[in-house]
Amino acid sequence: MDSPGGLVVIFFLMSNVAFSLREPLSAFSGRQLLVGYWGQNGAGPAHGPANYEKPLIEVCKTTKYDILAVSFVVVFFDSRNKGLPAMNFAYHCEDSVSPEYPFLLRCPNIEGGIKECQKRGKKVLMSIGGATGDGTLHSADKARKFARTLFDLFLGGNGYKAIRPFGSAIMNGIDLDIEGGDYKYYPEFITELRMLMDNDPQRSYLITGAPQCPFPDHHLGPQNPGTGLEEAGHLVDHLYIQFYNNYCHTGDEKQFMGSIKKWLKFSKRMKPRGPLIFVGLPASTRGANGAHYYRPPAELKKMFQSVKNLEGIGGIMLWDVSWDQNNVIDGQRYSEYAFQELGRVTLPPTQGTTPPLSSQSPPMTITSQATLSPITTQAPPLTEEPPKPTGEFCVSVSDGIYQNPSDCSKFIQCFRGKSFHTSCASGLLFNPKIKACDWPQNVNCA
């Protein structure tokens with residue numbers, strides 16, 4: 001992004017086979033989504049105080065955004081905050097939560113905005129990083145600790161209840177806009193964050209990311225071993241790809257189509273299902289580093305029509321709400337034109353570890369959020385190693401999930417006499433009591 005201050009899996013246990021369903025689809029009836037970044041007032045200096053970015057509560061009341069990413073947590077481990085994160089929301093909030101934590105802010109107006117958005121069925125994410133943020137996690141232990149800190153400060157955790165920046169508001173997830181620092185230890189961070197999210201029985205959450213359009217992204221990957229998306233991309237729900245400020249922008253059709261197909265191919269190979277891919281755009285000619293990165297409404301329509309029906313396209317992301325607010329064309333904000341282009345999302349087929357329940361099973365339909373009864377697992381996710389079907393183990397047992405008798409770090413899914421062999425993520429063991437991968441201390445491995 002250009003200012004300082006990129007996933008939810010719900011598990012249903014059906015006939016002992018774990019199925020994943022993306023929570024956003026249930027919440028929005030399968031429609032592609034409109035995402036906006038809010039909090040940096042990018043257009044403010046250009047348009048003056050009278051046209052500064054509106055408060056979050058007003059944005060939620062007056063726009064069609066489905067998801068708003070509040071920007072940014074800019075420092076992950078700030079020594080001035082006793083190691084807790086530092087935040088920057090432009091002029092929206094500047095008061096510290098206490099003298100002990102001068103750069104950890106207390107923002108009651110944003111708290112009210114989050115609750116108003118959620119009341120209207122919108123989701124609000126905490127975005128970390130930004131163009132000037134340092135995304136270095138330093139070690140695997142620090143990565144896991146940072147995940148727990150974010151969960152306690154912004155999501156459903158209770159570890160820092162007295163100093164939560166947004167009080168009692170519980171946000172809907174974490175967005176990774178990582179544009180600086182080292183790429184290491186993001187698999188551990190994402191895995192820990194997903195485990196914490198799945199252990200919250202009252203809520204479901206998103207993990208999203210905002211990589212640059214060149215594939216792979218320098219910080220998040222994928223392809224390169226050890227990057228967050230390569231090792232833990234199956235745990236990420238959305239990627240808000242920044243198709244601007246780079247050669248693969250939407251104005252260069254060949255480069256744009258080549259890039260987006262690579263991102264979609266990556267999503268498709270993640271198992272059981274990869275993140276939805278969003279087309280990220282500047283909301284004004286000055287919203288990016290050059291006017292040629294901006295697509296006027298007619299060009300926006302033509303561009304998105306060329307990709308909207310591809311499997312895995314989740315919608316449109318705009319940088320940012322302030323530029324959109326100040327780009328009114330024939331009485332409509334730019335985001336209104338973007339919203340008009342959204343259609344029904346087309347998901348890649350579920351792949352990998354989950355065999356079908358029955359050849360006669362009807363397709364799972366996406367209904368309103370209120371009708372779903374998710375059962376969240378307590379286990380960290382599996383690796384993306386493809387299953388290896390054989391027939392020997394499952395010939396004499398019923399359909400279900402079993403610990404591999406020769407290796408506690410693996411398990412076998414049986415379906416109609418066929419065996420699907422799969423490994424847990426590194427450092428985890430299969431727990432037959434909950435029929436999922438779990439921390440070793442919870443597993444009795446003979």
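Between H138 and F77, some side-chain heavy-atom pair lies under the 4.5 Å cut-off. Counting only heavy atoms from C-beta outward, the side chains of L239 and L229 approach each other to under 4.5 Å. Inter-residue side-chain proximity for E116 and K119 is flagged as met; some heavy-atom pair is nearer than 4.5 Å. Under the 4.5 Å side-chain criterion, counting only non-hydrogen atoms from C-beta, D252 is in contact with K254. The side-chain heavy atoms of F256 and M303, taken from C-beta on, include a pair separated by under 4.5 Å. Contact of the M171 side chain with the L125 side chain is not registered, since no non-hydrogen atoms from C-beta on lie closer than 4.5 Å. Looking at heavy atoms from C-beta onward, L176 lies in side-chain contact with I128 at the 4.5 angstrom threshold. Side-chain contact between P85 and T149 is present, with at least one heavy-atom pair separated by less than 4.5 Å.
Taking the six-membered ring for Trp and thresholds of 30 and 60 degrees, H47 and W323 have ring planes more than 60 degrees apart, a perpendicular arrangement. F166 and F154 have tilted rings, their planes meeting at an angle from 30° to 60° on a 0 to 90° scale. Classification of the F215-W263 ring pair by plane angle, with boundaries at 30° and 60°, yields perpendicular. Between F411 and F430, the ring-plane angle classifies as parallel under the 30° and 60° cut-offs.
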Give the C-alpha distance, both sets of side-chain angles, the deciding distance and a yes or no for side chain to side chain contact (heavy atoms under 4.5 Å, CB included) between F72 and N88.
CA-CA 6 Å; F72 289 108; N88 181 305; 5.8 Å; no
Does the pair I313 and F304 meet the rule for a side chain to side chain contact (heavy atoms under 4.5 Å, CB included), with working shown?
CA-CA 10 Å; I313 294 292; F304 197 66; 4.0 Å; yes
I241 and I260: side chain to side chain contact (heavy atoms under 4.5 Å, CB included), yes or no, with the steps?
CA-CA 9 Å; I241 313 293; I260 202 166; over 6 Å; no
Could you walk me through whether W38 and I110 satisfy the side chain to side chain contact (heavy atoms under 4.5 Å, CB included) test, starting with their C-alpha distance in whole Å, then the side-chain angles of each, then the deciding distance to 0.1 Å, before giving a yes or no?
CA-CA 11 Å; W38 175 93; I110 298 179; 3.8 Å; yes
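With hydrogens and angles ignored, the 3.5 Å screen pairs no side-chain donor or acceptor of R344 with any backbone N or O of N309. Side chain of E231 to main chain of G226: a donor-acceptor pair is present (N/O by atom type, distance under 3.5 Å, no hydrogens or angles). Between the side chain of N245 and the backbone N or O of N289, at least one donor-acceptor pair lies under 3.5 Å. Put simply, the side chain of D217 gets close to the backbone of L220: a donor and an acceptor are under 3.5 Å apart. A donor-acceptor pair is defined here as one N or O able to donate and one able to accept, closer than 3.5 Å; no such pair exists between the side chain of K302 and the backbone of L300. Within the 3.5 Å criterion, the main-chain N or O of S322 finds a donor-acceptor partner in the side chain of N326. Counting only distance, with no hydrogens or angles, the side chain of S71 and the backbone of S127 share no donor-acceptor pair below 3.5 Å. Remark: the backbone N or O of E53 is paired with a side-chain donor or acceptor of N41 at under 3.5 angstrom. A donor-acceptor pair under 3.5 Å is formed between the side chain of Q242 and the backbone N or O of A210.
We find that E188 and K142 are not joined by a salt bridge, their nearest charged nitrogen and carboxylate oxygen being 4.0 Å or further apart.
Closest heavy-atom contact between G130 and E179: O-CB, 3.6 Å. Scanning all heavy atoms of the two residues, the minimum distance from P282 to Y244 falls at CD-CD2, 3.6 Å. The minimum heavy-atom distance linking P214 with C248 is given by the pair N-SG, 3.3 Å. Shown here for L56 and G113, the closest heavy-atom pair between the two residues is CD2-C, 3.8 Å. For D152 against N158, the heavy-atom pair with the smallest separation is OD1-N, 3.4 Å. Smallest separation of non-hydrogen atoms from C213 and F243: CB-CD2, 3.4 Å.
Remark: E253 pairs with no residue by the salt bridge (charged side-chain N to carboxylate O under 4.0 Å, His left out) rule, at least two apart or across chains. For Y65, the side-chain hydrogen bond (donor to acceptor under 3.5 Å, both in side chains) test picks out D324, with sequence neighbours left out. For R333, the side-chain hydrogen bond (donor to acceptor under 3.5 Å, both in side chains) test picks out no residue, with sequence neighbours left out. Taking H218 as the reference, nothing meets the ring-ring contact (aromatic ring centres under 6.0 Å, His included) condition, with sequence neighbours excluded. Applying the side-chain hydrogen bond (donor to acceptor under 3.5 Å, both in side chains) test to S284 and every residue at least two apart in sequence or in another chain returns nothing.
The structure places OG1 of T250 at 12.0 Å from CE of M257, a figure rounded to the nearest 0.5 Å. Once rounded to the nearest 0.5 Å, the distance linking NZ of K54 with NE2 of H92 reads 10.5 Å. Between the CZ atom of F89 and the CG atom of L105 there is a distance of 6.0 Å, given to the nearest 0.5 Å. The structure places CD1 of I67 at 9.0 Å from CG of L34, a figure rounded to the nearest 0.5 Å. A distance of 13.5 Å separates CG of L33 from CE of M317, quoted to the nearest 0.5 Å. Taken from CZ in F151 to CG in N199, the straight-line distance is 8.0 Å, to the nearest 0.5 Å.
More than 12 non-hydrogen atoms from other residues, nucleotides or ligands lie less than 6.0 angstrom from NZ of K308.
Annotation: Y334 is in aromatic contact with Y294 [ring centroid separation under 6.0 Å].
Residues D141 and S139 have side chains that never bring a donor and an acceptor to within less than 3.5 angstrom of each other. Between the side chains of E341 and Q305, at least one donor N or O lies within less than 3.5 Å of an accepting N or O. Inspection of the E111 and S168 side chains reveals an N or O donor paired with an N or O acceptor under 3.5 Å. Looking only at atom types and distance, the side chain of Q118 has a donor-acceptor partner in the side chain of N172 under 3.5 Å away. With 3.5 Å as the limit, one finds no donor-acceptor pair spanning the side chains of D177 and Y37. For Q40 and D320, the side-chain atoms include no donor-acceptor pair closer than 3.5 Å.
Every pair tested for salt bridge (charged side-chain N to carboxylate O under 4.0 Å, His left out) that includes a residue from residues 274-283 fails, sequence neighbours excluded, so the list is empty.
Among the candidates R31, K122, Q32, K123, the single residue satisfying the side chain to side chain donor-acceptor pair (under 3.5 Å) test with D66 is R31. Remark: of the listed residues R148, M197, K145, R148 is the sole one forming a side chain to side chain contact (heavy atoms under 4.5 Å, CB included) with E192.
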